[in-house]
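Remarks on the structure that follows.
Letters A, B, ... mirror the listed sequences (proteins, then strands); counts begin at 1. Side chains are part of it too, since the values below use all heavy atoms of this structure and drop only hydrogens, waters and symmetry mates.
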There are 2 protein chains.
Amino acid sequence: MRTAPQVSVPCPIGRAAGLLGERWTLLILRNANLGTTRFDAFRAELGIAENILSNRLARLVEAGVLMRVPYHDGGRTRQEYRLTTAGAEVLPVLHALAVWGEEHTKPAEPTGSMQVIHQRCGQVTTPGRVCDGCGELVRREEEAWVRPWLSPDPIILASPVTTGT
Amino acid sequence: MRTAPQVSVPCPIGRAAGLLGERWTLLILRNANLGTTRFDAFRAELGIAENILSNRLARLVEAGVLMRVPYHDGGRTRQEYRLTTAGAEVLPVLHALAVWGEEHTKPAEPTGSMQVIHQRCGQVTTPGRVCDGCGELVRREEEAWVRPWLSPDPIILASPVTTGT
DNA sequence: GGGCTAGACTTGCTTAATGCAAGCCAGTGT
DNA sequence: ACACTGGCTTGCATTAAGCAAGTCTAGCCC
C-alpha cells in the first residue's frame with residue numbers, strides 16, 4: 001500500500017488530507033481524543049475490520065500521531081495507542097468537522113446533538129478555541145464532549161503522552 | 001458505490017468525515033475555494049482520474065456542497081461547479097488542516113510555505129477566524145492565500161453562489 | 001498443569017473503489 | 001469537412017477494504 005499519494009506535496013492541506021483524509025483515520029483520531037486507547041476498543045466502537053485497523057494504527061504511529069505504549073494489565077504487558085501532541089492537535093480539525101457536520105448534514109434518526117462543554121465555566125460552547133459562554137480560551141483539559149446517543153455523561157478529552165508534561 | 005457508510009451516523013464528525021473524508025474530496029473543495037470551477041481544471045490541478053472526479057463532483061452536488069451551474073463559453077453552454085454556502089463553510093476545516101499540516105508534516109522538498117493574508121489589514125495571519133495582525137474577524141471576502149510553489153500572487157477565495165447574497 | 005479466555009494481530013479470500021485508456025458528443029474555429 | 005476542446009461515460013486492470021478464520025502470548029481458574 002505504500003505511503004499515501006499526497007503526503008509530501010507542497011500544500012499543507014494536501015499533506016494533512018493525505019494522512020487524515022484516509023478512510024477511518026479521522027474516526028480513529030476522534031475516538032482517541034475521547035480516550036480510546038486499545039485495539040479492541042477501537043474495533044468495537046468503530047466497527048472497523050481488524051486488518052484495516054491494524055494498518056491504520058501502524059500508519060498513524062509511523063506518522064507520529066499515535067504512540068504505541070506498553071501498559072500493565074493484571075500483571076501482563078499489553079500495548080495501547082496513545083495520542084501524541086500531534087494527535088491531540090487534530091482537535092481543531094475535529095471541531096471544524098463537528099460544526100460543519102452539525103450544520104450541513106442530517107443523522108438518519110434524530111438524536112440529541114453533540115455538545116462541547118467548557119468545564120471551567122460549565123457552559124455549552126460551539127466547538128472552537130474560545131468559549132461562547134465565558135469568552136475564555138478553552139484549554140483541552142477543560143473541554144468535555146457530550147454525545148447523548150451513547151451516554152448523557154460528558155467525556156473529558158484524553159491527554160496526549162508528552163515527553164514534557 | 002452507494003452513499004458512504006458514515007453519512008447518517010449520529011455523530012456530526014462521523015457524518016462530516018463520511019462525506020469530506022473521502023479521498024480527493026477535501027482537495028476538490030480546497031481548489032473550489034480557491035476559485036476552480038471547471039471539470040477540466042480540477043482534473044488538471046489535482047491529477048485525479050476523470051471517472052473519479054465525475055463521481056466526486058456528482059456526490060458533492062448531491063450533498064449540496066457544490067452546485068452545477070450552466071455558463072456561457074463562446075456561445076455554447078457548459079457546466080461549472082460552484083461552491084454553495086455549505087461548500088464555502090468547509091473553510092474552517094481547510095484552515096485547521098492547513099495549520100496541522102504546516103506544523104506536523106513535511107513537504108518532499110522545501111518550498112515557501114502557504115500563507116493566509118487578511119486583505120483588509122494586509123497582514124499575514126494564521127489560518128483561522130481572527131487575524132493575528134489586527135485582531136479582527138477575517139471575513140471570507142477579505143481572505144487571500146499565497147501558495148508560493150505555484151505563484152507568488154495571492155489568491156482571493158471564491159465566493160459561493162448564494163440564493164440570497 | 002491443561003484448558004479457557006482476552007487482546008492484538010495475520011492470512012486468505014471476496015468485493016468495492018481507484019486509476020488508466022479509450023471512446024463519445026456537441027459546438028467552434030479554420 | 002475536420003480537428004479540437006470540454007465534459008463526460010465505459011471497460012478493464014490494479015489496489016484497497018471488508019469478512020472470516022487462524023495464530024500467538026500470557027495470565028486465570030480449577
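The shortest distance between side-chain heavy atoms of Leu29(A) and Leu66(A) falls below 4.5 Å.
The separation between Asp40(A) atom CG and dA26(D) atom P is 18 Å, rounded to whole Å. The CZ-P distance, from Arg43(B) to dG19(C), rounds to 14 Å in whole Å. Going from atom CZ of Arg78(B) over to atom P of dC4(D) covers 16 Å, rounded to whole Å. Atom CG in Leu57(B) sits roughly 14 Å away from atom C1' in dT9(D) (whole-Å rounding). Rounded to an integer number of Å, the gap from CD of Gln79(A) to P of dT10(C) is 12 Å. Note: CG (Leu46(A)) to C1' (dG18(D)) measures 14 Å, nearest angstrom. Separating the CD atom of Glu80(B) from the C1' atom of dG7(D) is a distance of 13 Å, rounded to the nearest angstrom. For Trp24(A) and dA17(C), the CH2 to C1' distance is 15 Å, given to the nearest whole Å.
Heavy atoms only, all atoms of each residue included: Arg43(B) and Leu53(B) are closest at N-CD2, 3.6 Å.
When each of Glu143(A), Arg139(A), Gln123(A), Glu142(A) is paired with His118(A), the side chain to side chain donor-acceptor pair (under 3.5 Å) condition holds for Glu142(A) and for no other. For the side chain to side chain donor-acceptor pair (under 3.5 Å) criterion with Tyr71(B), the lone passing option out of Gln79(B), Glu80(B), Arg78(B), Arg38(B) is Arg38(B).
In this model, a donor atom of one side chain and an acceptor atom of the other lie less than 3.5 Å apart for Thr36(A) and Glu45(A).
Under the 4.5 Å side-chain heavy-atom criterion for ILVMFWY residues, a single connected hydrophobic cluster contains both Phe42(B) and Val61(B).
Direction change of the helix axis from one end of the helix from dG1(C)-dC30(D) to dT30(C)-dA1(D) to the other is 0°, with five pairs defining each end axis (rounded to 10°).
Using a 4.0 Å heavy-atom criterion, one finds that Tyr71(B) contacts the sugar-phosphate atoms exclusively. At the heavy-atom level, Arg38(B) lies under 4.0 Å from the strands shown only through sugar-phosphate atoms. Backbone-only engagement by Tyr81(A) is indicated by non-hydrogen atom pairs under 4.0 Å involving sugar-phosphate atoms exclusively.
In this structure, the nucleotide among dG19(C), dA17(D), dG6(D) sitting nearest to the side chain of Asn51(B) is dG19(C). Here dG7(D) is the nucleotide among dT18(C), dG7(D), dA8(C) with the atom lying nearest to any side-chain atom of Phe39(B). Of the candidates dA17(D), dC9(C), dC20(C), dA17(D) carries the atom nearest the Ile52(A) side chain, counting heavy atoms from C-beta on. Taking the side chain of Ala49(B) as heavy atoms from C-beta on, and the options dC20(C), dG7(D), dG7(C), the nearest nucleotide is dC20(C).
Residue Arg56(A) places none of its side-chain N or O atoms closer than 4.0 Å to OP1 or OP2 of dG18(D). Close to dG19(C), at under 4.0 Å from its OP1 or OP2, lies a side-chain N or O of Arg23(B). One finds a side-chain N or O of Ser54(B) lying less than 4.0 angstrom from the OP1 or OP2 phosphate oxygen of dT9(D).
Sequence order on DNA chain C of the closest nucleotides to Gly47(B) and Glu50(A) puts Glu50(A) first from the 5' end.
Scanning for ring-ring contact (aromatic ring centres under 6.0 Å, His included) contacts around His104(A) gives Trp100(A), with sequence neighbours left out.
Glu22(B) and Arg56(B) are joined by a salt bridge, as a carboxylate oxygen and a charged side-chain nitrogen come within less than 4.0 angstrom of each other.
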